[in-house]
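Have a look at the structure below before the remarks.
Counting starts at 1 for both ligands and their atoms, following the listed order.
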Amino acid sequence: MLSSPWRSDFPALAVMEAQGEVYLDSAATAQKPQALISALTGYYTSGAANVHRAQHASAERATRAFEGTRTKLASWLNAAEPTEIIFTRGATEALNLLAYGMEAHIDAGDEIAITALEHHANLLPWQQLAQRRNAHLVVLPLDKAGHIDLEAATQLIGPRTRVLAASQLSNVLGTQQPLHRLLPLAKAQGALTVVDGAQGIVHQRTDVRSLGCDFYVLSSHKLYGPEGVGVLYGRREALARLRHWQFGGEMVQLAEFQHAQFRPAPLGFEAGTPPIAGVIGLGAVLDYLGGLDQAALAAHEHRLHRMLVDGLAMRDGIRLLGRPDCALASFTVEGVHPADLSHLLTEQGVAVRSGTHCAMPLMGRLGVSGAIRASLAFYNDGADLEVFFCALDRALELLR
Ligand SMILES: Cc1ncc(COP(=O)(O)O)c(C=O)c1O
């Protein structure tokens with residue numbers, strides 16, 4: 001039986017197990033390691049303080065730890081410098097920041113390219129920007145497996161393309177996108193490139209410079225960190241092209257009643273008190289993750305994923321959405337409503353997600369109204385999948 005050597009690092013899993021619950025919904029949010037819990041407790045029990053504002057000892061401690069996470073993230077992503085890292089309140093906010101920040105570069109008739117598999121967080125900000133500026137939202141289609149169709153992309157990305165925004169790993173299909181070949185198409189047209197790495201960063205270390213993107217977005221709570229924290233990486237020259245979008249404390253250099261001058265990135269894009277404990281906690285998570293054997297972790301996730309996909313493939317009437325490369329599998333069952341199936345799985349203690357997974361247009365293109373998604377993390381083990389498949393068989397017996 002495949003066991004996870006890292007399972008005991010996540011205290012909630014033992015509690016869930018004792019309650020008969022199996023967690024297969026990590027793509028929605030991940031369970032948290034003890035390293036995070038200790039860092040949050042440590043911060044709150046040693047004196048909370050605001051960052052960048054005061055000189056007293058606890059403020060200095062908090063600022064050092066907060067900025068320490070920025071430095072860790074820069075090295076985690078191989079950014080050129082820590083000032084290329086901006087903290088937001090989630091991946092969604094980071095993408096909205098970009099869509100507002102780039103507004104001045106979009107004119108009527110310009111094009112913004114996204115892909116057919118985007119999460120609403122990487123669709124709606126661009127759709128709304130296109131509407132505000134009378135621009136066109138161009139949707140790059142997928143091939144049958146669920147990867148961006150590069151031939152079609154070559155035709156659709158052109159001289160009016162100003163922005164290309166694409167996911168690294170689909171939260172519905174589990175397909176890794178061919179960004180190394182896609183991004184150069186946009187760059188050749190002088191467009192800015194945005195990568196939504198909310199799912200991708202969880203399953204692969206990403207080097208933003210070798211990827212060659214202008215912007216990269218990630219979500220702390222999916223990367224085993226706390227909620228309320230998102231990260232925006234921006235290449236220095238690309239960040240300099242963004243307009244400020246939220247206004248308030250600490251993002252301003254000089255404020256008068258009728259006029260103000262704003263700071264450059266990163267602080268110019270971090271208006272108001274940031275999620276201090278969360279950012280410090282994310283730093284502790286990066287330390288924890290950095291200490292794990294990456295090859296062993298990837299091999300474990302790969303084996304688990306094979307078990308999941310093979311187990312689904314061997315059952316009658318199950319349609320897998322796309323050909324998932326890693327992390328998750330979404331599926332429908334002939335003649336069975338996903339909500340009914342998810343209800344029966346929940347009753348048996350299996351936590352999966354059912355619905356449109358914040359990707360309604362993709363569901364439309366796939367011709368389904370919803371799907372069940374089972375998603376994995378390195379703390380899952382073979383026993384979790386055994387429970388899942390037993391519960392699935394029992395539920396399907398009842399429903400068919
Ligand atoms: C691909 C993708 N992008 C963006 C998001 C939004 O992330 P957050 O919840 O941190 O705003 C999600 C969350 O499910 C996602 O899966």
Side-chain angles (χ1 to χ4, degrees), residues 23-32 36 73 85-100 114-128 139-140 142 146-148 163-177 179 182 193-204 206 211 213 215-233 245-246 269 274-275 278-279 281-282 285 321-322 324-330 351-363 370-377:
Y23 192 71
L24 295 175
D25 196 19
S26 296
T29 199
Q31 298 305 321
K32 313 305 175 197
L36 169 62
L73 276 162
I85 303 294
I86 294 172
F87 292 114
T88 63
R89 290 165 184 88
T92 301
E93 191 181 86
L95 291 160
N96 277 280
L97 182 164
L98 288 174
Y100 279 102
I114 60 161
T115 85
L117 53 74
E118 297 311 316
H119 187 283
H120 295 161
N122 197 33
L123 155 64
L124 299 179
W126 305 115
Q127 177 201 85
Q128 294 301 305
V139 182
L140 307 180
L142 309 177
H147 299 105
I148 296 159
V163 183
L164 165 69
S167 276
Q168 186 178 23
L169 172 67
S170 164
N171 67 309
V172 178
L173 305 172
T175 44
Q176 267 167 333
Q177 299 308 316
L179 297 182
L182 180 69
T193 55
V194 177
V195 174
D196 175 355
Q199 298 290 342
I201 193 74
V202 183
H203 302 282
Q204 65 200 302
T206 299
L211 190 56
C213 57
F215 299 104
Y216 185 90
V217 167
L218 67 92
S219 168
S220 154
H221 70 93
K222 293 185 198 290
L223 189 60
Y224 310 99
E227 307 85 15
V229 181
V231 174
L232 169 63
Y233 154 80
W245 81 303
Q246 282 185 347
F269 292 87
V279 167
L282 177 59
V285 170
L321 302 188
D325 299 310
C326 63
L328 58 90
S330 295
V352 291
R353 172 105 185 259
S354 121
T356 56
H357 310 292
C358 299
M360 282 187 214
L362 172 62
M363 292 291 165
I372 301 274
R373 180 184 71 188
S375 55
L376 303 166

Going by the atom numbers of ligand 1, which of them fall below 4.0 Å from some non-hydrogen atom of S219? 8 (P), 10 (O)
Looking at ligand 1, would K222 count as a contact under a 4.0 Å heavy-atom criterion? yes
I need the nearest protein heavy-atom contact for atom 11 (O) of ligand 1: residue, atom name and distance, please. T92 OG1, 2.5 Å
shortest atom 15 (C) of ligand 1-to-protein heavy-atom contact is with H119 CD2, 3.2 Å
Protein contact of atom 9 (O) of ligand 1 - nearest heavy atom, named by residue and atom, plus distance: H221 NE2, 3.2 Å
In terms of side-chain heavy atoms, does T175 have a donor or acceptor partner in Q177 at a distance below 3.5 Å? yes
H357 near ligand 1 by a heavy-atom separation under 4.0 Å: no
Per-atom filter on ligand 1: closer than 4.0 angstrom to a heavy atom of N171 are 16 (O)
Give a yes or no on whether the backbone of P226 and the side-chain of S220 come within a donor-acceptor separation of less than 3.5 Å. yes
Non-hydrogen atoms of W126 and L95 that approach each other most closely: CZ2-O, 4.5 Å
Among E118, H119, H120, exactly one meets side-chain hydrogen bond (donor to acceptor under 3.5 Å, both in side chains) together with N122. Which residue is that? E118
Within the 4.0 Å heavy-atom shell around A91, which atoms of ligand 1 are there? 7 (O), 8 (P), 10 (O), 11 (O)
Ignoring hydrogens and geometry beyond distance, is a side-chain donor-acceptor pair present between Y216 and Q168 at under 3.5 Å? yes
Between C326 and Q176, is there a side-chain heavy-atom distance shorter than 4.5 Å? yes
Is there side-chain contact between S167 and T115, with heavy atoms separated by less than 4.5 Å? no
Of V217, N96, D196, L218, which has the heavy atom at the shortest distance from atom 1 (C) of ligand 1? D196
Can you list the atoms of ligand 1 that are under 4.0 Å from a heavy atom of Q199? 1 (C), 15 (C), 16 (O)
